[in-house]
Engineer: 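This structure is in structure tokens; I'll ask about it shortly.
Below, chain A is the first sequence line, B the second, and so on; all start at residue 1. What's counted below: heavy atoms across the whole structure, side chains too, no hydrogens, waters or symmetry copies.
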Amino acid sequence: MRLSTRSIGVEVPEDFHFWSTVWSSGWCGLAPFSFDEEERTLSRVQRLTSGKIVRATVREERKGLLRIRVESREPLDEADVEEVESVVGTCLRLDEDLSPFFEMIEGYPEFGWVREIGAGRSIRSPTVFEDMVKTISSTNCSWALTRAVTRRLCLRLGEPFSEEDHTFPTPRQVASATEGFIKAEIKAGYRSPYLVELARKIVDEGLDVEAWRNSPLDSVSLKREVMKLRGVGDYAADNILKLLGRYDFLALDSWVRRKFSQIHGKGEAVSDREIEEFYAPFGKWKGLVLWLDMIKEHLVPKGRR
DNA sequence: GCGTCCAGGTCTACC
DNA sequence: GGTAGACCTGGACGC
């Protein structure tokens with residue numbers, strides 16, 4: 001198969017740091033995302049509105065400029081190129097203004113490293129639907145299972161770019177599958193009906209989850225809306241709100257509880273209330289501060305901690 | 001090789 | 001409103 005290739009340069013804000021953004025969550029390893037740690041690239045297979053399926057690979061060319069390499073079986077026109085730029089911008093949250101957060105964190109010397117390495121952003125999916133499916137697939141299971149379920153969803157329900165790389169399925173593609181199929185072939189277990197139900201609410205009942213990224217609702221009301229969906233409990237709703245750019249909640253799961261205990265509790269059990277109180281001073285940014293606190297050793301090179 | 005445990009939780013029934 | 005038990009899968013671990 002002969003591929004055509006386009007190269008696109010994208011200017012990014014001064015406070016944007018590419019690899020910190022990619023490396024700040026496990027999302028970069030969930031299909032159809034993939035990454036190369038050595039080359040410091042992030043890739044994604046994506047179906048464009050025109051129907052063309054592309055693979056976009058992003059790297060930082062220099063400070064303030066990203067380079068996107070787009071591979072496609074068909075030549076791309078300007079509308080396709082603009083859409084790729086838009087998708088990359090959404091995934092990297094280029095439109096998210098974190099300057100109030102950076103101003104707030106200036107007052108906390110122990111978080112000086114955040115500004116220094118440009119931490120704060122983390123990648124998300126082009127659609128809220130994809131983020132929700134991935135979040136539901138991450139509950140009560142190992143990360144390995146989340147990765148396997150996500151990959152199988154792409155391979156079995158998405159559209160192929162190559163044998164190994166498929167797009168993430170649309171709500172319509174998931175809605176057309178049966179619970180039995182999701183259970184048997186995707187192996188999502190008891191979460192299977194939740195995934196089909198979410199997709200069918202979008203397709204058949206017109207639930208507009210994409211509008212949540214610009215919702216006028218306050219975070220508490222928005223969380224209540226998100227939790228109306230089956231399979232979305234307290235943790236999942238908090239995580240989805242983080243992906244929507246709302247950091248008012250902590251998204252406490254067993255990994256975070258264990259990590260907090262190691263960092264701040266000398267390895268002893270710490271209650272959720274104590275964790276809440278610890279991050280309360282950070283107000284509406286507390287979810288983001290907690291997450292950065294948890295992943296500091298993952299982001300900051302040993303000598304600079 | 002086999003059995004058990006449990007992981008980046010949620011739902012339902014019951015009190 | 002609080003709590004116990006069930007729920008899928010698959011990797012890790014002990015034997």
Engineer: Looking only at side-chain N and O atoms, does A/R152 come under 4.0 Å of OP1 or OP2 in C/dG10?
Structural biologist: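 For C/dG10, OP1/OP2 do have a side-chain N/O of A/R152 under 4.0 Å.
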Engineer: To the nearest angstrom, how far is A/N140 atom CG from C/dG10 atom P?
Structural biologist: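 The answer, rounded to whole Å, is 14 Å.
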Engineer: When rounded to the nearest Å, what value does the distance between P atoms of B/dC6 and C/dG5 take?
Structural biologist: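 That atom pair is separated by 15 Å.
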Engineer: Determine whether the aromatic ring centres of A/Y108 and A/F282 lie less than 6.0 Å apart.
Structural biologist: yes
Engineer: Under a 4.0 Å N-O cut-off, is there an ion pair linking A/R151 with A/E164?
Structural biologist: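 Looking at A/E164 together with A/R151, the answer is yes, because their closest N to O distance falls below 4.0 Å.
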Engineer: Take the protein atom CG of A/L30 and the nucleotide atom C1' of B/dG8, then report the distance between them rounded to whole Å.
Structural biologist: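 Rounding to the nearest Å, CG of A/L30 and C1' of B/dG8 are 11 Å apart.
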Engineer: A/K242 NZ to B/dG8 C1': how many Å, rounded?
Structural biologist: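 Going from NZ in A/K242 over to C1' in B/dG8 covers 10 Å.
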Engineer: Taking the six-membered ring for Trp, are the ring centroids of A/F161 and A/H166 within less than 6.0 Å of each other?
Structural biologist: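 When the ring centroids of A/F161 and A/H166 are compared, they turn out to be at least 6.0 Å apart.
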Engineer: Write down the distance between CD (A/E197) and C1' (B/dC11), rounded to a whole number of angstrom.
Structural biologist: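 So the CD-C1' distance, A/E197 to B/dC11, works out to 12 Å.
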Engineer: What is the distance, rounded to the nearest whole Å, between atom CH2 of A/W255 and atom C1' of B/dC6?
Structural biologist: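 Result: 18 Å.
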Engineer: Remember a base hit wins even if backbone is also touched, and classify A/L229 as base, sugar-phosphate or nothing at under 4.0 Å, heavy atoms.
Structural biologist: sugar-phosphate
Engineer: Considering Watson-Crick and G-U wobble pairs with both distances under 3.5 Å, what does B/dC14 pair with?
Structural biologist: C/dG2
Engineer: Taking the side chain of A/D234 as its heavy atoms from C-beta onward, which of B/dA7, C/dT9, B/dT10 lies nearest to it?
Structural biologist: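 Between B/dA7, C/dT9, B/dT10, the one nearest the side chain of A/D234 would be B/dT10.
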Engineer: Using the side-chain heavy atoms of A/A144, tell me which of these nucleotides is nearest: B/dT10, C/dC7, C/dG11.
Structural biologist: C/dG11
Engineer: With a non-hydrogen cut-off below 4.0 angstrom, is A/T139 in contact with a base, only sugar-phosphate, or nothing?
Structural biologist: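 Counting heavy atoms under 4.0 Å across all strands, the contact made by A/T139 is with sugar-phosphate only.
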Engineer: May I ask you to evaluate whether A/R230 reaches the phosphate of B/dT10, defined as a side-chain N or O under 4.0 Å from OP1 or OP2?
Structural biologist: no
Engineer: For C/dC8, does either OP1 or OP2 sit under 4.0 Å from a side-chain N or O belonging to A/K183?
Structural biologist: yes
Engineer: Would you indicate which nucleotide in C/dC8, B/dG9, C/dT9 comes nearest to any side-chain atom of A/R191?
Structural biologist: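 The answer is C/dC8, which lies nearest to the side chain.
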Engineer: Do the charged groups of A/E225 and A/K228 touch, with an N to O distance under 4.0 Å?
Structural biologist: yes
Engineer: Using Watson-Crick or G-U wobble geometry with both distances under 3.5 Å, which nucleotide pairs with B/dG8?
Structural biologist: none
Engineer: So, under a plain 3.5 Å distance rule, would you say the side chain of A/Y194 forms a donor-acceptor pair with the base of B/dG9?
Structural biologist: no
Engineer: Is any NZ, NE, NH1 or NH2 atom of the basic residue among A/R115 and A/D15 found under 4.0 Å from an Asp or Glu carboxylate oxygen of the other?
Structural biologist: no
Engineer: Considering heavy-atom distances to DNA chain B, does A/V256 or A/M227 have its closest nucleotide positioned more toward the 5' end?
Structural biologist: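 Residue closer to the 5' terminus by nearest nucleotide: A/V256.
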Engineer: Considering only the P atoms, how many Å lie between B/dT4 and C/dA6, rounded to the nearest integer?
Structural biologist: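 Result for the P pair: 16 Å, nearest Å.
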Engineer: Let's see if you can work this out: which of B/dG8, B/dC11, C/dG10 has an atom nearest to the side-chain heavy atoms of A/D253?
Structural biologist: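 Of the candidates, B/dG8 comes closest.
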Engineer: Can you check the A/Y190 OH to B/dC11 P distance for me, whole Å?
Structural biologist: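 Rounding to the nearest Å, OH of A/Y190 and P of B/dC11 are 9 Å apart.
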Engineer: Under 4.0 Å from OP1 or OP2 of B/dG9: is there any side-chain N or O of A/S254 that close?
Structural biologist: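 Yes, within the criterion.
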Engineer: Name the nucleic acid region contacted by A/V232, choosing base, sugar-phosphate or nothing; use a 4.0 angstrom heavy-atom cut-off, strictly under.
Structural biologist: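 Here A/V232 touches the backbone only, sparing every base.
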Engineer: Please report the distance, rounded to the nearest Å, between NZ in A/K228 and P in B/dC11.
Structural biologist: 14 Å
Engineer: Have a look at A/A236 and say if it touches a base, only the backbone sugar-phosphate, or nothing, with a 4.0 Å heavy-atom cut-off.
Structural biologist: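 A/A236: backbone/sugar contact only, no base atoms under 4.0 Å.
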Engineer: Could you check whether A/Y235 and the base of B/dG9 form a stacked pair, meaning centres closer than 5.5 Å and planes differing by less than 30°?
Structural biologist: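 By the stated criterion, A/Y235 and B/dG9 do not stack.
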Engineer: Would you measure the distance from the P atom in B/dG8 across to the matching atom in C/dA4 and give it in whole Å?
Structural biologist: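 23 Å, rounded to whole Å.
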Engineer: Salt-bridge test for A/E179 and A/K183: reply yes if a basic N is under 4.0 Å from a carboxylate O, no otherwise.
Structural biologist: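 No, this pair does not count.
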Engineer: When the C1' atoms of B/dC5 and C/dC7 are considered, how many whole Å apart are they?
Structural biologist: 15 Å
Engineer: Can a salt bridge be assigned to the pair A/E71 and A/R69 using a cut-off of 4.0 Å between side-chain N and carboxylate O?
Structural biologist: yes
Engineer: Grab the CZ-P distance between A/R257 and B/dG8 for me, whole Å please.
Structural biologist: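 These atoms are roughly 12 Å apart.
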